[in-house]
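Indexing begins at 1, ligand by ligand and atom by atom, following the structure's order.
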Amino acid sequence: MRPTLTDASDLDSQDPLADFKAHFALPEGVLYLDGNSLGAQPRAARDALDTTRDQWRDALVGGWNQGWFDAPERLGDLLAPLIGAHAGEVLVSDSITLNLYKLLGHITEQQGGVRPVILSEGGNFPADGYIAEGFCHSAGFTHRFLPEGAPLEPHLDDQVAVVVLSQVNYRTGQLRDMAETTHRVHASGAEVIWDLAHSAGALAVDLAGSDVRYAVGCTYKYLNGGPGAPGFLYVRGDCQRAAWQPLSGWHGHAQPFAFETDYAPAAGMTRFRTGTHSALAYAPLEASLRLWQRVDMSALRAKSLALGDLFRACLEDLFAPHGIEDITPPPGQRGSQVGLVQRKHGYAIVQALIARGVIGDYREPGLMRFGFTPLYLSHVDVWHAAEQLREVLESAEYRNPRFQTRTEVT
Ligand SMILES: Cc1ncc(COP(=O)(O)O)c(C=O)c1O
């Protein structure tokens with residue numbers, strides 16, 4: 001039976017995470033189902049930015065000694081428990097793109113170049129494949145794609161040095177079994193770098209429990225760090241050897257302010273720094289990560305799945321009549337998103353929904369993607385969002401020409 005508003009409101013009354021919503025500033029009248037693209041603004045972000053702005057005004061260059069300089073390590077330690085890592089194993093720095101490059105160089109240098117192939121997966125967010133290709137191009141390695149959906153084993157021969165995989169696929173929301181996959185890759189003699197873009201803050205990631213040695217991720221999606229907030233990288237403690245990483249920037253030097261002529265990598269994760277980071281970009285992320293310290297990750301996971309299932313249950317009678325395919329994986333096998341494919345009108349339907357204040361996003365071909373962020377979405381919000389989608393479909397208002405125009409960012 002189709003869930004009613006009362007059903008949704010009953011679920012809210014039992015929600016252990018309900019209080020978190022008040023910590024986010026969302027525009028009036030907006031139902032935001034795109035936190036998997038850019039997370040909403042924590043209310044504390046504004047104060048954090050103001051503080052940094054005032055430090056800049058009052059302390060000038062002295063601000064670097066007032067918490068700006070050590071932010072990459074400090075925020076790494078705040079992030080660590082959310083992904084099952086220990087203090088000293090995570091650095092908040094640069095972007096996924098750059099961090100992936102750094103790790104590819106770092107790992108392959110330690111392997112001594114005897115395995116010349118980097119394997120990345122087809123159907124993953126293209127950034128990872130592009131960087132794997134670019135790294136191979138400059139380092140003389142060979143890049144291979146694992147075809148989307150193909151089993152890993154036949155591709156893990158003794159030539160493969162590193163495999164790059166996403167824990168949650170950005171399009172389909174498919175969740176990989178991280179522990180089992182890591183085990184298989186290690187058994188083949190290769191290393192795996194996990195991309196946590198769609199899992200950090202979306203579910204309880206267990207890096208230590210899954211025997212993961214290397215990972216990268218971003219903080220502007222589920223972790224609500226703000227547009228362009230820095231990414232992170234993880235290297236397990238026992239794998240932090242004295243090897244270089246290829247972007248040997250001065251902030252990753254053992255003594256950056258000694259201004260020595262020759263490069264010497266710093267100890268621990270600090271060697272993965274590059275150059276001067278944006279103190280302003282770290283401020284809202286720190287505010288958000290402090291809020292995250294109070295989140296019970298198992299409650300988060302339960303609510304994330306419940307919200308996604310509620311949305312689908314409200315709409316499933318419309319799927320067949322409107323040519324919509326629900327590609328959402330079953331609960332145990334997905335991240336925190338629902339994917340509905342309407343090949344012909346998907347883009348226009350999302351635009352019509354946005355015009356009604358329900359923000360989801362669109363990915364080619366035909367995919368309407370809806371992210372479920374338990375900290376600031378209630379069951380009632382999701383019920384209303386589904387009602388809006390119902391009206392868009394039943395009224396066919398998406399056929400209006402104004403919803404067909406493509407914007408630069410979709
Ligand atoms: C799975 C995945 N990997 C990599 C990226 C690229 O990250 P960045 O632009 O922060 O380097 C994204 C961006 O959305 C992503 O979703």
Asn124, any N or O under 3.5 Å of ligand 1 N or O: no

N or O contact, Tyr170 vs ligand 1, cut-off under 3.5 Å: no

Determine yes or no for a side-chain-to-main-chain donor-acceptor pair under 3.5 angstrom, with His137 supplying the side chain and Thr142 the backbone. no

At what distance is the nearest protein heavy atom to atom 11 (O) of ligand 1, and which residue and atom is it? Thr97 OG1, 2.5 Å

Centre of Phe69's six-membered ring, under 6.0 Å away, within 45 degrees of the axis: is that where NZ or CZ of Arg273 sits? yes

So if I count the atoms of ligand 1 from 1 in the order they appear, which ones are less than 4.0 Å from some heavy atom of Lys221? 13 (C), 14 (O), 16 (O)

Considering only heavy atoms of Asp128, which atoms of ligand 1 have at least one such atom less than 4.0 Å away? 3 (N), 4 (C)

Can you pull out the closest protein heavy atom to atom 16 (O) of ligand 1? Residue, atom name and distance to 0.1 Å, please. His198 NE2, 2.9 Å

Run down the list Val216, Asp195, Leu38 and name the one with the heavy atom closest to atom 1 (C) of ligand 1. Asp195

Would you say Gln110 and His106 are linked by a side-chain donor-acceptor pair, where the criterion is simply a distance under 3.5 Å? yes

Quick one about Ser166 and His198 (side-chain donor to acceptor, distance below 3.5 Å, no hydrogens or angles considered), yes or no? no

Of all protein heavy atoms, the one nearest atom 15 (C) of ligand 1 is Phe125 CG, 3.4 Å

Between Phe257 and Phe259, does the ring centre distance come in under 6.0 Å? yes

For Val341, is there any backbone N or O sitting under 3.5 Å from a side-chain donor or acceptor partner on Glu325? no

So for atom CZ, which belongs to Arg43, do other residues, nucleotides or ligands contribute more than 12 heavy atoms lying within a distance under 6.0 Å? yes

Of all the atoms in ligand 1, which lie at a distance below 4.0 Å from a heavy atom belonging to Ala197? 1 (C), 2 (C), 15 (C), 16 (O)

Taking 4.0 angstrom as the limit and counting only heavy atoms of Tyr220, give me the atoms of ligand 1 inside it, by number and element. 7 (O), 8 (P), 9 (O), 10 (O), 13 (C), 14 (O)

